[in-house]
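Treat the numbers as computed from the prediction; the structure is a model and nothing was measured.
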Number of protein chains: 2
Amino acid sequence: MPDYTPPAPKSERILNAAEELFALHGFDGVTLRRIATAAEVDVALLNYHFGVKKKLFEAVFLRRAEILNEARLNALLEAKAGSGGQPSLEQIVSAFLRPIQHFQLTGDQGWRNYLALVAWVNSSSVWGEEMMHKSFDPLVSRFIEALKKNMPDADPQRVYWAYQFLSGALTLTLAQTGRIDRLSDGLCRESNLETAYDLMIPFVVAGFRKLCLEQFESGT
Amino acid sequence: MPDYTPPAPKSERILNAAEELFALHGFDGVTLRRIATAAEVDVALLNYHFGVKKKLFEAVFLRRAEILNEARLNALLEAKAGSGGQPSLEQIVSAFLRPIQHFQLTGDQGWRNYLALVAWVNSSSVWGEEMMHKSFDPLVSRFIEALKKNMPDADPQRVYWAYQFLSGALTLTLAQTGRIDRLSDGLCRESNLETAYDLMIPFVVAGFRKLCLEQFESGT
DNA sequence: TGATGAATTCAACAGATGTTGAAAATTATC
DNA sequence: GATAATTTTCAACATCTGTTGAATTCATCA
């Protein structure tokens, strides 16, 4: 007796439509009717499956968070395993960023929408704090621990601040605002994610080194 | 005959209230009635002074943009003047960031609200591009030119990408999400802007160096 | 087939939204 | 101090908002 239960088909269409629209316009910029229209579904179905609007938003936000967390945790564990428990700074930062790049590069447009949504939430002062904290901070704390262990003499405050700058650089890349395309007059393409992450990692690693390893120097 | 015209008092109250509420909740998260209530003004007055809602938003956004641009340009010119036309990387980055810190630290809460609003716009994919481009990119381009001149052998693409990471780190700091406070369990305070900028500058400078000056090295 | 429960649609609600035109109040001009 | 212009309020509009309960369709299984 296979207890295979096919997922309610329309509820997934709702989640996908909501994901894209919330990513583009934020929570208040999207109406339930617009989501319903995009999903080719009646409005009442949204309440039936997900309850009130905020619950729908949370359902969208949580759907891929666990997958992302697991991928990042695995990357961190692999970095530790492959280095005898002493991963380098590059390895830690790469384990944090490369899984995101991986999901952005899968053909699935849903992942790009979702990550843009994460960027929106992370930049949103009112909405953001609680959702980001509950969904991602447990994992982030594990990376912070790895960073502290890698740089045991670093002032912990500097580790947190450096992480904040890393988080900001990443967030703007996820947001897909297209600004670098215009600023550079087409020379750089925000959609060129290989370049983005290939450069983001050494940029961030150099910043960590400067703040956390050369903290007692007073260089020019 | 002094042609002194005192600014319409209530229109400024509207701008201030709108500034704060838009910064907190974004464009769609704020209703005209809420702004009117906060400004202790009738709703119709918003349309009388600023036209439709989007025009009010633009008026809020543009009000302080020129002041900010002028301060940053002056800082860049001073850095050039004080260095015989060859400002260092630190000087360029500082000229870009320190004026913002300055405005955040004036007692005026309005500036903090405004800069949080800039962060919101910069992270907003639909809204952001046009407004940021028109308001800030002309000035940003001058900084990019200074950076290219400082590092003439650097691949221009890398300069733009490094700027993108700088912009992201700055944006998250402006957004005032309070996330670093919770992540660090109170060890770091996002409101501690001196520390934020004292660390952001060397972090970013180290990243620029790595990407634009050591671009041909293949170090671990 | 017919009964049961889940999924989906229909129709509608009470309230909120952006916007507007006319009236009232305030300020400036002569 | 009367007149004109500007500013502010009042009252209301059509439309849209999130949400709900009843009706309908669909799938499951005895």
Integer-rounded Å distance: C:dA6 P and A:K10 NZ: 18 Å
Distance in angstrom units between B:N47 CG and D:dT9 P, rounded: 14 Å
Salt bridge present between B:R98 and B:D198 (N-O < 4.0 angstrom): yes
A:K54 side-chain N/O to D:dG18 phosphate OP1/OP2 under 4.0 Å: no
For atom CZ of B:R33 and atom P of D:dT17, their distance in whole Å: 15 Å
A:D42 backbone acceptor or donor facing A:K10 side chain under 3.5 Å: no
Presence of salt bridge, A:R182 and A:E190, under 4.0 angstrom: no
Residue mapping more 5' on DNA chain D - nearest nucleotide basis, A:D42 or A:T31: A:T31
A:I35 CD1 to D:dC16 P, straight-line distance once rounded to whole Å: 17 Å
Rounded distance (Å) that lies between atom P of C:dT26 and atom CG of B:L45: 14 Å
Interatomic distance where CD belongs to A:E40 and P belongs to C:dT8 [whole Å]: 14 Å
Distance below 4.0 Å between B:H49 side-chain N/O and D:dT8 OP1 or OP2: yes
Integer-rounded Å distance: C:dT17 P and B:H25 NE2: 13 Å
A:K148 NZ: over 12 foreign heavy atoms closer than 6.0 Å: yes
Under-4.0 Å side-chain N/O to phosphate OP1/OP2 contact, B:Y48 with D:dT7: yes
Side-chain touch A:Y197/A:Q104, heavy atoms, less than 4.5 angstrom: yes
Any A:K53 side-chain N or O less than 4.0 Å from OP1/OP2 of D:dT17: no
Whole angstrom value for the distance that separates P of D:dT7 from CG of B:L46: 15 Å
Touch class at under 4.0 angstrom, heavy-atom based, for B:V52 against every strand present: sugar-phosphate
